[in-house]
Engineer: 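Once you've had a glance at the structure underneath, I'll fire off some questions.
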There are 2 protein chains.
Amino acid sequence: MGVPPPKPWPDSDPRVDELVNDVIGQVADKWTMLILEVLADHGELRFTQVGRHVPGISQKMLTQTLRQMERDGLVQRTVHPVIPPRVEYKLTELGYSLGEAFCGVWTWAEDNLARIEAARERFDAAKVG
Amino acid sequence: MGVPPPKPWPDSDPRVDELVNDVIGQVADKWTMLILEVLADHGELRFTQVGRHVPGISQKMLTQTLRQMERDGLVQRTVHPVIPPRVEYKLTELGYSLGEAFCGVWTWAEDNLARIEAARERFDAAKVG
DNA sequence: ATTTATACTTACCGTTTGGAGAGTGACCAT
DNA sequence: ATGGTCACTCTCCAAACGGTAAGTATAAAT
């Protein structure tokens with residue numbers, strides 16, 4: 001099998017690595033990515049609308065993730081002081097750029113789904129036999 | 001005669017999304033990415049060598065993550081039947097391609113570290129004041 | 001006989017995650 | 001007066017995560 005030779009990674013500074021790992025760890029979780037996708041697709045949405053587009057998310061996780069994304073500067077939260085309350089969320093420029101960066105992983109996963117499933121079946125079969 | 005729906009994102013099929021989310025969720029965790037980086041940097045390494053390059057990882061997590069990566073077809077595990085045991089790990093082609101896909105997120109995080117930290121400080125300051 | 005080395009595996013256990021569901025506040029419609 | 005709406009917030013609880021430490025197998029070295 002022709003595996004390409006080890007390519008040097010763009011960065012090796014341990015301090016930067018740590019910060020980057022931290023950022024990625026926070027940013028690359030399930031709900032964050034799903035919400036990122038929803039907002040990239042639909043533009044500006046209200047709280048419950050975002051929730052409707054993310055099947056299976058609980059109110060707690062929706063609030064929590066949206067807050068974290070706001071804190072990180074990925075989404076902009078706009079509160080309209082009316083009753084009943086109206087709060088709208090949309091991606092910032094930073095949020096969009098993250099979406100684009102993630103696009104690579106996303107499409108990688110799409111492109112290689114079959115390969116991964118095949119590898120898993122092979123592995124599990126070998127374990128039994 | 002429908003208005004063309006705004007669709008900057010590559011995919012919207014819920015079934016594919018679910019699978020992709022699943023794959024990304026498993027693949028995009030802290031230890032997996034760190035090991036991916038290490039193996040991309042160093043080529044083929046033994047168990048303890050990988051561990052030495054991933055500061056803070058426990059034996060348990062090292063074994064577990066390596067196993068999962070093997071199952072997903074990301075790393076190839078080679079056992080040399082000698083005593084004491086000698087087991088070597090290296091990335092497969094699939095593993096390399098994932099590394100490259102993640103590279104985008106990695107560099108995004110590097111490029112935007114300052115912006116994120118600034119956003120956080122702004123957010124936290126606003127919360128206090 | 002005991003130690004050493006490697007690559008695990010297992011048991012235990014504290015920490016964290018995250019879901020369910022109830023509560024809140026303010027105003028409008030009935 | 002009661003109920004409905006919206007965007008949360010809070011509490012309780014079960015499950016998952018992940019670290020520590022001990023155990024396993026084997027053969028060579030002391």
Side-chain angles (χ1 to χ4, degrees), chain A residues 18 21-22 24-36 38-39 42 44-72 75-90 123-124 126-128, chain B residues 18 21-36 38-39 42 44-72 74-90 123-124 126-128:
Chain A
E18 200 183 320
N21 288 339
D22 178 57
I24 291 184
Q26 305 213 355
V27 125
D29 86 303
K30 189 183 170 186
W31 299 128
T32 302
M33 294 200 316
L34 291 176
I35 292 176
L36 196 71
V38 165
L39 290 178
H42 296 87
E44 193 162 23
L45 291 177
R46 301 180 58 173
F47 182 80
T48 45
Q49 288 176 327
V50 177
R52 265 195 286 276
H53 286 290
V54 184
I57 195 171
S58 64
Q59 252 187 350
K60 181 183 175 179
M61 279 299 101
L62 185 54
T63 306
Q64 208 173 97
T65 309
L66 244 14
R67 277 284 190 292
Q68 195 179 194
M69 291 174 79
E70 188 198 356
R71 187 172 110 99
D72 288 344
V75 307
Q76 189 189 330
R77 178 169 176 267
T78 311
V79 181
H80 302 270
V82 295
I83 299 257
R86 177 184 187 83
V87 181
E88 293 186 315
Y89 296 88
K90 66 172 179 180
F123 184 89
D124 295 346
K127 212 176 174 184
V128 171
Chain B
E18 200 182 320
N21 287 339
D22 178 57
V23 167
I24 292 184
Q26 306 213 355
V27 126
D29 85 303
K30 187 184 172 186
W31 298 128
T32 301
M33 295 201 315
L34 291 176
I35 292 176
L36 196 71
V38 166
L39 290 178
H42 296 87
E44 194 162 25
L45 290 177
R46 301 181 59 176
F47 183 81
T48 44
Q49 288 176 327
V50 177
R52 266 195 285 275
H53 285 290
V54 183
I57 196 171
S58 66
Q59 252 187 352
K60 180 184 174 180
M61 280 298 101
L62 185 54
T63 306
Q64 208 174 97
T65 310
L66 244 14
R67 277 285 189 291
Q68 194 179 194
M69 292 174 78
E70 188 198 356
R71 186 171 111 98
D72 288 344
L74 300 176
V75 307
Q76 190 189 329
R77 179 169 175 266
T78 309
V79 181
H80 302 270
V82 296
I83 298 257
R86 176 183 186 82
V87 182
E88 293 187 315
Y89 297 88
K90 65 173 179 178
F123 184 90
D124 295 345
K127 212 175 174 184
V128 171

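The shown structure was predicted, so the numbers you read here are calculated from the model rather than taken from an experiment.
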Engineer: Name the residue closer to the 5' end of DNA chain C, choosing between B:K60 and B:R67 according to the nucleotide with the nearest heavy atom.
Structural biologist: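 So the residue in question is B:R67.
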
Engineer: Near DNA chain D, under 4.0 Å by heavy atom, which residues of residues 47-57 of chain A?
Structural biologist: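 Contacting residues: A:F47, A:T48.
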
Engineer: When the side chains of residues 52-69 of chain A are checked against the rest of the protein, which donor-acceptor pairs come out under 3.5 Å, sequence neighbours left out?
Structural biologist:
from: A:S58; atom 1: OG; to: A:M61; atom 2: N; distance (Å): 3.3
from: A:T63; atom 1: OG1; to: A:Q59; atom 2: O; distance (Å): 3.0
from: A:T65; atom 1: OG1; to: A:M61; atom 2: O; distance (Å): 2.6

Engineer: Using chain B heavy atoms and a threshold of under 4.0 Å, write down where along DNA chain C the contacts begin and end, 5' to 3'.
Structural biologist: C:dA5 to C:dT9

Engineer: Using whole Å, what does the distance between atom C1' of nucleotide D:dC17 and atom CD of B:Q64 come to?
Structural biologist: 8 Å

Engineer: Which value, rounded to the nearest 0.5 Å, describes the distance between B:M33 atom CE and B:I35 atom CD1?
Structural biologist: 11.5 Å

Engineer: One character per nucleotide, please: for nucleotides 23-30 of chain D, 5' to 3', B when the base has a protein heavy atom closer than 4.0 Å, S when only the sugar-phosphate does, - otherwise.
Structural biologist: ---BS---

Engineer: For the OG1 atom of A:T78 and the CD atom of A:E70, what is their distance to the nearest 0.5 Å?
Structural biologist: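 It comes to 9.0 Å.
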
Engineer: Between the opening five pairs and the closing five pairs of the helix from C:dA1-D:dT30 to C:dT30-D:dA1, how far apart are the helix axes, to 10°?
Structural biologist: 30°

Engineer: Are OP1 or OP2 of D:dC8 and a side-chain N or O of A:R46 less than 4.0 angstrom apart?
Structural biologist: no

Engineer: I need the CG-P distance between A:D29 and D:dA16, as an integer number of Å.
Structural biologist: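 Those two atoms, CG and P, are 18 Å apart.
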
Engineer: Roughly how many Å is it from CH2 in B:W31 to C1' in D:dC17, rounded to a whole number?
Structural biologist: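 Roughly 12 Å, once rounded to whole Å.
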
Engineer: For B:V87, give me all partners under side-chain contact (heavy atoms from CB on, under 4.5 Å), at least two apart in sequence or on another chain.
Structural biologist: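 B:V87: side-chain contact (heavy atoms from CB on, under 4.5 Å) contacts with B:R77, B:V79, B:Y89.
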
Engineer: Roughly how far, to the nearest 0.5 Å, is CD of B:E88 from CG of B:L45?
Structural biologist: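 One finds 8.5 Å between CG of B:L45 and CD of B:E88.
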
Engineer: Rounded off to whole Å, could you give me the NZ-to-P distance for the A:K30 and D:dA16 pair?
Structural biologist: 13 Å

